[in-house]
Amino acid sequence: MGKNWWKESVVYQIYPRSFQDSNHDGIGDLAGILTRLDYLKKLGIDVVWLCPVYDSPNVDNGYDIRDYKEILDTFGTMEDFDRLLEGLHSRGMKLLMDLVVNHTSDQHEWFQQALQSRDNPYHDYYIWQDGTTDKLPNNWESHFSGSAWEYVPHLGQYYLHIFAKQQPDLNWKNPKVREAVKDICRFWLGKGVDGFRMDTMNFYSKVDGFPSVEGVEGLVRAHRFYQNGPHIHEYLKELHRDVLSLYNGMTVGETPNVTPEIAKLYTGDGRDEVNMLFQFEHMSVDSGPKDKWDLIPWDFVKFKKIMSKWQTSLHGCGWNSLYLSNHDQPRPLGRFADDSVYRVESAKLLGTMTHTMEGTPYIYQGEELGMVNVRFSDISNYRDVQTLNLYADLSAKGVSHREIMRKVYTKGRDNARTPMQWSGERYGGFSDTEPWIELNPSYLEINAAQQEEDPNSVLHYYRKLIRLRRQYPVMVYGDFVDCLPEDPARYAYRRTLEGEKLFVLLNFKDRPADFYQPEDMDPSRWQLLLSNYPADSDPCGPLRPCEARVFYQKEASL
Ligand code: TEU
Ligand code: CA
């Protein structure tokens, strides 16, 4: 497998609604992002992934698109977009757009036409089943609660929506839909964007006949009937052949429920599909079988095994995306380390892990500051459709406020969607007026302005991490060996590339741990590249709580 710019890049994900407001309406916008490009450049970012900025009624904050070729007016104009693209390119950064084509908004012209009649030319752009109000086509549950089918009385038909009912699924079996998707891609690539993050990419192809999941009562997530479906590779190859291959772009598919074997089919050399995936296996260590709200304690050894498995399985035949957070996930500190006493150490620890593995690291806005989860006491402070639907659904089933809020505090998506914490000023420097969602009160303590002044801040540490990756190819391309797979506290791994060695030792617990030295490395010849504690003690001494150390050795004795 060859070298590629997208393997050597660090990506920064922007959730536009919450990044920077420029026109005093409390909602982030494109002109706001433009004013923060120097911040991103200084951080060392190569690529920005912009969550949807298209025209949308915002039932799901832009993941319900009404017009794929227009900018949402709240975010600005197409001229603002062009300025942003130019601003990124002139600073040597690239732009990934979010391609959301598993579904559209119900307000999209195609769906409006489809609703007109069964023989409207757009009817077949969506997925329909004949039926009556008293009998659902099957027992599939939407990811946003309730049935995945919505009845349209005047048609006598149900349409499929894996997400909200305002997000009808497109019928990819229809060649016209696939042509329409290519047209959207050409439009944005033609403008000069550098690739796509492909939303729910492995949902495009559904199993024929829409079978119910057997042996369960009530509604259930029917993943195996609409993820990695029968025609998915055919569709992706077609998109690659007709559009993506004609540009030197980067593609990352969002794909829940994939194994490394499945991932190779999407990303392998010569497969001609996409460059890499967001897999979710490590994101489900704290969920039971039902769904993400089914909270269970997570097991560190199991987590490491998942991470290590992805490292070794894709080496030489695929490529990993490295992430612990995004706009759908809670903030990672409390989840995988500690977000109270050792918050700063934890943020650096987790950052060290994602930036010292093989793959392309993704930083979600605020991660570089060590931002934490939010706990609003009232459900009316929440904005996310998934959270609000869950609340309504579980309340109706008699679940207590307390119990529901426990789920929301742990896994709710708004944890990651509160405004970016730029400063300790009123509204955190995000806006000068009340924002669309309240700030996390932690902005007084955790913010970019304060961290800019503090050389020991998470922000400064992330800059170092990103710089090191550029300096040491072994961090990008080296192979991976887990040195202590069964260790209940430490993650220790070694990377090797042509006589260069990297050794990473991470203490995930909030108590001290012993040092560990790999047999084939020599402390007299290695160099401590980085640590998340002041370098005032023996580099081979015991590990302090949540301590991370990265060693480098050249021309190893092996
Ligand atoms: O998310 C896809 C997805 O599978 C979600 O169910 C995700 O796992 C969930 O939000 C976590 O509970 C993508 C987008 O990233 C998300 O923001 C959208 O809401 C969703 O697709 C629909 O477009
Ligand atoms: Ca605004």
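These values consider heavy atoms only, across backbone and side chains, with no hydrogens, waters or symmetry-generated copies. All ligand and atom numbering here is 1-based and tracks the order in the structure. Since we're looking at a predicted model, the values are computed, not measured.
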As a check for students: among Gln167, Glu254, His143, Gln386, identify the option with a heavy atom nearest to atom 9 (C) of ligand 1. Gln386
Glu238 and Lys182 have their tightest heavy-atom pair at OE2-NZ, 2.8 Å
Phe111 vs Tyr159 aromatic rings, parallel, tilted or perpendicular, using cut-offs 30° and 60°? perpendicular
Counting the benzene-type ring for Trp, do Phe336 and Trp298 have ring centres under 6.0 Å apart? yes
The number of protein N, O or S atoms lying under 3.0 Å from the Ca ion (ligand 2) is 5
Residue, atom and distance of the protein heavy atom nearest atom 18 (C) of ligand 1 read Asp60 OD2, 3.3 Å
Judged by heavy atoms only, the candidate from Ile65, Asn257, Asp328 nearest atom 16 (C) of ligand 1 is Asp328
Identify whether the distance between the nearest side-chain nitrogen and carboxylate oxygen of Glu109 and Arg66 falls below 4.0 Å. no
Treating Tyr323 as the side-chain partner and Gln279 as the backbone partner, does any N or O pair qualify as donor plus acceptor under 3.5 Å? yes
Contact partition for Phe278 relative to ligand 1, non-hydrogen atoms under 4.0 Å: neither
Heavy-atom contacts with Pro256 under 4.0 Å: which atoms of ligand 1 show up? List them by number with element. 4 (O)
With a 4.0 Å cut-off on heavy atoms, does Arg197 reach ligand 1? yes
Considering the heavy atoms of His103, write down every atom of ligand 1 situated less than 4.0 Å from one of them. 22 (C), 23 (O)
Which of Phe278, Tyr364, Phe196 passes ring pair (Phe, Tyr, Trp, His ring centres under 6.0 Å) with Trp49? It is Phe278
Nearest non-hydrogen protein atom, atom 10 (O) of ligand 1: Arg413 NH1, 2.9 Å
Kindly confirm or rule out a cation-pi arrangement of Lys411 over Trp293, judged by NZ or CZ under 6.0 Å from the six-membered ring centre and within 45° of its axis? no
Against the six-membered ring of Trp436, is Arg17 placed for a cation-pi contact (under 6.0 Å from the centre, within 45° of the normal)? yes
Under 4.0 Å from any heavy atom of Asp199, which atoms of ligand 1 are there? 13 (C), 14 (C), 15 (O), 21 (O), 22 (C), 23 (O)
For His240, which residues count as a ring-ring contact (aromatic ring centres under 6.0 Å, His included) partner, sequence neighbours excluded? none
Give a yes or no on whether the ring-centroid distance for Tyr462 and His355 is below 6.0 angstrom. yes
So is there a nitrogen or oxygen of Gln329 less than 3.5 Å from a nitrogen or oxygen in ligand 1? no
With ring centroids as reference points, do His143 and His223 lie under 6.0 angstrom apart? yes
Show the atoms of ligand 1 that are less than 4.0 angstrom away from any heavy atom in His327. 14 (C), 15 (O), 16 (C), 17 (O)
Quick check: Thr200 and ligand 1, any N/O pair under 3.5 Å apart? no
Part of Lys411 with heavy atoms under 4.0 Å of ligand 1, whether side chain, backbone, both or neither: neither
Quick look: Arg417 vs ligand 1, heavy-atom contacts under 4.0 Å, and the answer is side chain
Quick check: His161 with Phe144 (ring centres under 6.0 Å apart)? no
Considering Phe280, Tyr63, Phe203, Phe163 one by one, which has a heavy atom nearer to atom 8 (O) of ligand 1 than any of the others? Phe280
What residue and heavy atom of the protein are closest to atom 11 (C) of ligand 1, and at what distance? Lys292 NZ, 3.6 Å
Angle between ring planes, His108 versus Tyr68, binned at 30° and 60°: parallel, tilted or perpendicular? tilted
Please determine whether side-chain contact (heavy atoms from CB on, under 4.5 Å) holds for the pair Leu43 and Glu368, giving the CA-CA distance in whole Å, both sets of side-chain angles, and the decisive distance to 0.1 Å. CA-CA 9 Å; Leu43 184 54; Glu368 78 280 18; 4.0 Å; yes
